[in-house]
Structures are given as structure tokens and as C-alpha cells.
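Have a look at the structure below, then the notes.
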Amino acid sequence: MSPEEPPAAEQLALIRTTARKAKPRTWRGAQLAEGLPVARVLVDKGLLHLDQFFDYAVPAAMDADAQPGVRVRVRFGARVVKGHREGGTLHDGFIVERRTESDYAGPLAPLAQVLSPEVVLTPALLTLCRQVADRYAGALADVVQLAVPPRMARAEKDASPEPLPAPAPPEPGTWSRYATGPAYLQALARGDTPRAVWLALPGPHWPAELARAVAATLASGRGALAVLPDGRSVARADAALTELLGEGRHVMLTADAGPEERYRRWLAVSRGAVRAVVGTRAAMFAPVADLGLVALWDDGDSSHAEPHAPQPHARDVLLLRAAEERTAFLLGGLTGTVEGAQLVDSGWALPLAAAREQVRAAAPLIRTVGDADQARDAAARAARLPSLAWQVTRDALARGPVLVQVPRRGYVPRLACDTCRAAARCAACAGPLELRERGGTPSCGWCGRPAADWHCQECGGFKLRAQVVGARRTAEELGRAFPRVPVRTSGRDTVLPSVGAAPALVIATPGAEPVAEGPGYAAALLLDGWALLNRPDLRAAEEALRRWAAAAALVRPAGEGGTVLVLAEPTLRPVQALVRWDPAGHAVRELAERAELRFPPVSRMASVSGPAAAVAELLALARLPPGTDQLGPVPAGPAGGERLLLRVPPGSGAALAAALKSAQVARATRGGGEPVAVRLDPTDIG
DNA sequence: AGCACGCCGACT
DNA sequence: GTCGGCGTGCTC
């Protein structure tokens with residue numbers, strides 16, 4: 001043993017006598033980095049509950065590579081035996097900071113390994129992850145896991161392409177149809193940060209319009225990020241961007257590229273080689289340099305909600321980015337959400353909508369068939385489809401394809417009186433009757449009571465009729481009725497991106513409607529009114545309108561003969577909004593109703609669920625903001641579980657999240673037994 | 001979360 | 001006398 005390398009125990013004793021904080025003490029006699037010998041590390045797994053950083057000593061050999069943002073491997077959870085450390089498992093982590101000294105009084109373990117010198121958790125991305133974690137009362141490590149894709153060494157080896165210069169500002173194109181559209185583009189192009197909630201006109205132009213907004217932002221020398229709900233819509237936006245700007249100025253971040261290619265593209269963004277991103281949910285974290293615009297398409301689509309903890313929603317993440325990174329904001333869709341309406345209502349964003357005459361020029365003719373119409377219609381009783389539907393289909397098939405929107409499988413069929421079509425209701429609680437299995441006894445969807453001896457309250461009839469169970473079969477019947485017309489189907493397993501302009505019957509479930517080439521569908525039949533509207537969901541009306549509008553927007557304008565027939569009560573609010581093509585008015589009314597009932601998003605909510613005792617303990621520990629309402633608890637989940645809703649007045653959402661977060665930490669620290677799930681702004685609260 | 005150390009019942 | 005119950009405390 002040479003004098004320069006004393007035994008570890010001796011070295012330890014020696015180091016321990018030195019003044020605290022003067023130099024970090026380590027457990028091995030390794031030579032440390034000179035300038036900043038301490039690395040503050042976010043350990044990927046392990047102490048998720050404590051949600052804190054840990055300091056490690058930086059060996060001199062790792063000094064150059066161990067920069068903030070790189071992936072490292074560290075030993076964690078070791079214990080001290082006779083003056084040296086034993087055990088401890090290797091964990092992945094990220095260096096978040098290099099420092100001269102540590103706050104930690106004990107001796108530091110050295111970094112085990114720098115996995116790669118690639119800086120992936122940049123300061124801006126770390127700030128975003130921290131904000132998202134706070135917003136959702138979640139752990140930073142969980143959010144970082146969502147934001148930074150797993151390492152693919154091969155993709156890291158390759159150089160990213162050279163960045164292209166900023167393009168020229170785009171022409172307004174179809175943005176001219178919106179009164180403030182060209183002005184919005186100009187503001188983006190000159191480097192401003194306009195914020196808008198955009199109600200897109202029906203028809204095929206929105207991907208190109210979104211692309212122009214991205215291009216205008218690039219023209220200002222800034223980057224842009226657009227998040228869309230699924231691979232198909234991303235592909236449309238991608239195609240529009242490629243047409244506008246050519247290749248090389250943007251990347252598409254979706255799951256179907258495969259992990260390595262996806263990481264390659266992510267790296268091109270992270271390295272600043274590419275300034276524009278279109279992608280699905282996970283792209284909301286894309287580390288676009290000098291971000292100038294965040295755009296979200298169709299924020300009512302449920303796939304914008306991340307299913308992994310802490311379940312951040314793309315809209316909220318992009319709102320956080322717009323504020324922190326001082327960017328422009330564009331929330332677009334054919335219809336709106338209450339959240340979008342609130343952004344306008346509060347004055348934070350401006351509405352970007354077309355005038356009435358533009359709407360009339362773009363929208364198809366919407367016709368309705370309600371229950372009363374169907375009851376009067378003798379032909380419908382025999383054939384399960386109103387005669388108007390046959391007529392519309394026959395006329396339209398002479399001119400082009402016809403879209404038939406049918407409910408997705410798994411919707412519980414709702415029941416109605418076969419004679420008068422009144423909805424079948426539970427005699428005890430007036431809840432809707434459901435047929436859970438074919439040929440079984442109908443039962444109440446609310447209280448669960450079986451309704452074996454049902455009779456109609458309206459007309460005394462005693463025969464029940466399934467409202468939507470026949471929709472798929474109805475579509476098949478349509479196919480048989482027009483034997484010379486090809487039938488295409490698009491649904492869960494096989495989603496067609498597009499169909500040709502020739503006459504065809506296109507059967508699709510909501511969200512899987514193919515785009516029709518050329519002028520669009522000649523007509524659409526929306527057969528799923530019941531399935532969409534009768535769900536016990538706060539968003540049922542919003543969602544019904546969203547799905548109908550998505551299908552109707554693929555139909556050619558009324559002026560070119562485009563017709564949409566929706567099988568739903570014409571008196572219902574979302575049906576009227578569709579008929580008048582007034583999604584803005586619908587969202588405003590929904591928002592007003594939510595405010596009146598003190599429902600989210602006007603009030604903010606959190607759900608707390610788990611074993612009853614654990615929920616109660618968390619609640620006792622939480623210092624909830626003033627004005628917090630407690631709703632419940634109600635039994636939820638298996639074996640005595642409970643769910644509690646907490647509601648706070650507008651403006652107290654952050655305080656609610658912070659209170660729940662510290663209560664979670666406090667409970668975990670004192671060895672708090674069974675876990676409690678905390679969710680902010682839960683989407684499924686009925 | 002793991003994974004140890006720490007003080008009280010049924011075994012050779 | 002010992003093996004082991006899981007209570008509580010720590011992890012850079």
C-alpha cells in the first residue's frame with residue numbers, strides 16, 4: 001500500500017477530523033473533482049414519498065461528464081458497518097446540480113457511474129417537472145420518468161442533423177376565414193405571445209391551420225410544440241407541416257415510431273437541432289429550446305390525460321409551460337371544453353372563432369330524429385331505423401361515401417318502452433334501466449334493483465326495447481340494403497385513416513372515423529346518441545357534442561349537399577348546439593352550470609382514496625386551505641375502501657395540492673402503512 | 001419503499 | 001438460554 005493510498009478506515013478517520021463542509025467527506029479514498037465536488041442527484045426510484053435530492057461525491061475521473069442533467073447510477077440505501085459502507089442497491093438518477101459543498105452532515109457516497117454525458121434533464125425541463133409534480137401533489141421522480149424517455153445508447157451515438165434557419169412567415173391561407181386569424185399568425189411571426197381558444201371550422205383545413213401557426217412561430221426564430229390526441233391526428237398535422245415547410249424543421253413524437261427512433265427524435269429536439277414538435281401526450285414535455293408556442297388540439301379527448309402517476313393532463317402541462325416559458329398558447333378543437341371556456345371567461349385567452357357566415361359555409365346540414373319521431377314512424381319500428389335515415393343514406397350514396405357512427409362495444413345498452421319509446425326508468429329511484437347481458441333481467445343503473453315486472457309509466461306498455469344494442473346491427477342492415485355499395489369498417493382494432501371519394505358505407509366507432517378524400521362524406525348517420533348522452537359523467541353532454549362534431553366535420557358543407565342525421569332528442573342542449581353548430585355557446589353554458597353547482601374546473605377538486613383508516617389519517621394530517629368542502633367519503637374499491645372528494649374555491653387549487661402533498665409525505669415518513677391515492681382534478685368523478 | 005436494528009414469547 | 005415477531009428509523 002503506497003503512502004498516497006492509505007487503508008479506507010484510516011482515510012476515513014483522517015477525513016472526519018477535517019472541518020465540516022470544508023470538503024465533502026467520502027467513504028472511499030477516491031480522488032474527488034476539484035471545483036465542484038458535490039453532485040445533487042434525483043434518485044429515480046426509492047424514496048418517491050420523501051421526494052428529495054441526495055448529495056453524492058463526484059470522483060475526479062467523472063468530473064467532466066457529471067454535468068447537471070446527465071443520467072447517473074448511484075448506490076442507495078447502504079448502511080454503515082465498522083466504518084465502511086455495505087450493501088446499497090444501484091439506482092438510476094439524474095444530476096440536478098453541481099455544488100461546492102453539501103448540506104448533508106454525513107459522509108457522501110461517490111457517484112457509481114455516469115451513464116452518458118448526454119444532458120437530458122435540462123434546467124428548464126427540471127423546472128417544468130417540478131411544477132407539474134407540485135400541481136398534482138405528485139413526486140418529482142414520477143414526472144421526470146414521464147418527461148425523459150429511456151436511454152437508447154445507439155440513438156445517442158449518432159449526431160443530430162444541423163439546425164435549419166428560420167423559415168419565412170407563412171401566408172394566412174384558410175386562417176383568413178377567421179376574423180382574427182391572420183392577426184394571430186402575424187403576432188406569432190413577430191415574436192409575440194398571443195393566447196387563443198380556437199374553435200375550428202368543420203372541414204379538412206384544421207391540420208394546415210395548426211401547421212401555419214407552428215410555421216409562424218418558427219419564423220420568429222422560436223420553437224413550437226403541438227400536442228394532439230392520437231397518432232392519426234398527429235400524422236395529419238405532420239403531413240401539413242411537411243407540405244408547408246418541407247422535411248427537417250420538425251419531428252413527430254409518437255409511440256408508434258419505436259423507442260429508439262423516438263429517442264433519436266427527442267434528442268434532436270433536446271440538442272436544439274429541431275425546433276418544432278408535433279406529437280401525442282408524452283410530447284407535452286418535449287424540451288423544445290426557446291419555446292414560442294404551445295398548441296393543443298381537441299383538449300376534450302380523454303387521451304390527453306396521462307394515465308401514469310401523477311396523471312397530469314396535457315392541457316395543464318402546456319398551460320404551465322405557457323406561463324413559465326412565456327409562450328403563445330393555442331387551444332384548438334371543433335368543439336370546446338369547459339376548461340377552454342374558462343380560459344376565455346377569465347380573460348387569459350381570447351376566442352378565435354369564425355363569423356356566422358363562415359360557419360354556415362363550412363358546416364353540413366344537421367337533422368335530428370328524436371324518440372317521438374321514431375315512435376310515429378311505423379317503418380322504423382319494423383326496421384329499427386327511421387325512414388328519414390334510409391332516405392338520407394339513399395340520396396347521399398348517389399354522391400359519395402356515407403359515414404355511420406355506431407357506439408363502441410362495451411356501452412351498456414339502455415332500455416325504452418317498445419310502444420312509446422319513453423326511457424325505461426326504475427320504479428324505485430327513477431334511474432335508467434340497463435340490460436347487462438342479453439336475455440337477462442333488466443336492472444337499474446343507479447340502485448341496481450332488478451326490474452322483472454316493469455311496465456311503462458307513460459303508456460302502460462310492458463315490452464322493453466334496447467336503444468342502442470341494435471346500432472351495430474343496424475349498420476349491417478344498411479349494408480345489406482345497399483348491396484352494390486362497399487362497406488368499410490373502422491373501429492378499435494382496425495382504424496382506417498382515410499377512405500376514397502367513391503360511394504361507400506363507412507361504419508366507424510367514435511374517434512375512429514376515417515377522413516373521406518375529396519369533398520368529404522356526402523352524409524353521416526350518428527346512431528349513438530343514447531350511448532353518449534346517458535352516461536353518468538359530468539362531461540357526457542360535452543363529450544357527445546365533441547364526438548358528433550368530429551364526425552360531422554368530415555361531411556361536406558350543406559351547400560354541397562352534406563347532411564348529418566343524429567338520432568337524439570332535438571330538445572337536448574348538445575343536440576341543439578350541433579344543429580346550430582354553436583360549440584362555443586354550449587361550452588359557455590356548461591361552464592355557467594358548473595360554476596353554479598361549484599363543480600370543477602371552476603372549483604378545484606382532489607380525490608383521496610384508500611382504506612378508510614388511511615384516508616382518515618391523511619385527512620387529519622392535511623392542513624387544508626380555508627373553504628375546503630369535504631364530499632363523502634363514499635365506499636369505493638374493494639374491501640372497505642373509501643373515496644373522499646375535496647373541493648376548494650377558485651384560486652385555492654395550488655394550496656390544496658400542497659396540503660395533500662405534505663400530508664402524504666408526513667404519513668409516509670412516519671411509516672404510514674397502507675397507501676392512499678391522491679389525485680388532483682380527477683377526470684372520472686361522475 | 002426496502003432493509004436493517006431493537007426489545008418481548010415459544011422452543012432445544 | 002436462543003430464534004424470531006415485525007415496530008420504527010434511515011437511506012446522500
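Keep in mind that this is a model prediction, so the values were computed, not measured. Naming convention: chains lettered A, B, ... in sequence-line order (proteins, then strands); numbering from 1 in each chain.
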In whole angstrom, give the distance that lies between atom [atom1] of [X] and atom [atom2] of [N].
X	N	atom1	atom2	value
A/F54	C/dC10	CZ	P	13 Å
A/R75	C/dC10	CZ	C1'	18 Å
A/F76	C/dG9	CZ	P	17 Å
A/D44	C/dC12	CG	P	16 Å
A/D55	C/dC12	CG	C1'	6 Å
A/D51	B/dA1	CG	P	13 Å
A/H91	B/dC3	NE2	C1'	11 Å
A/R40	C/dC12	CZ	P	14 Å

Partner set under ring-ring contact (aromatic ring centres under 6.0 Å, His included) for A/F599, not counting sequence neighbours: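 Per chain and number, A/F599 pairs via ring-ring contact (aromatic ring centres under 6.0 Å, His included) with no residue.
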Any residue meeting side chain to side chain donor-acceptor pair (under 3.5 Å) with A/S603, in chain and number order, not counting sequence neighbours: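 Here no residue qualifies.
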CZ/A/R99: more than 12 non-hydrogen atoms of other groups inside 6.0 Å: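 Correct, the count exceeds 12.
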Distance-minimising heavy-atom pair for A/V678 and A/A137: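 In this case the closest contact between A/V678 and A/A137 is CG1-CB, 4.3 Å.
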Ring centroids of A/Y104 and C/dC12 base under 5.5 Å with planes under 30°: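 Yes, A/Y104 stacks on the base of C/dC12, since the ring centres sit under 5.5 Å apart and the planes are within 30°.
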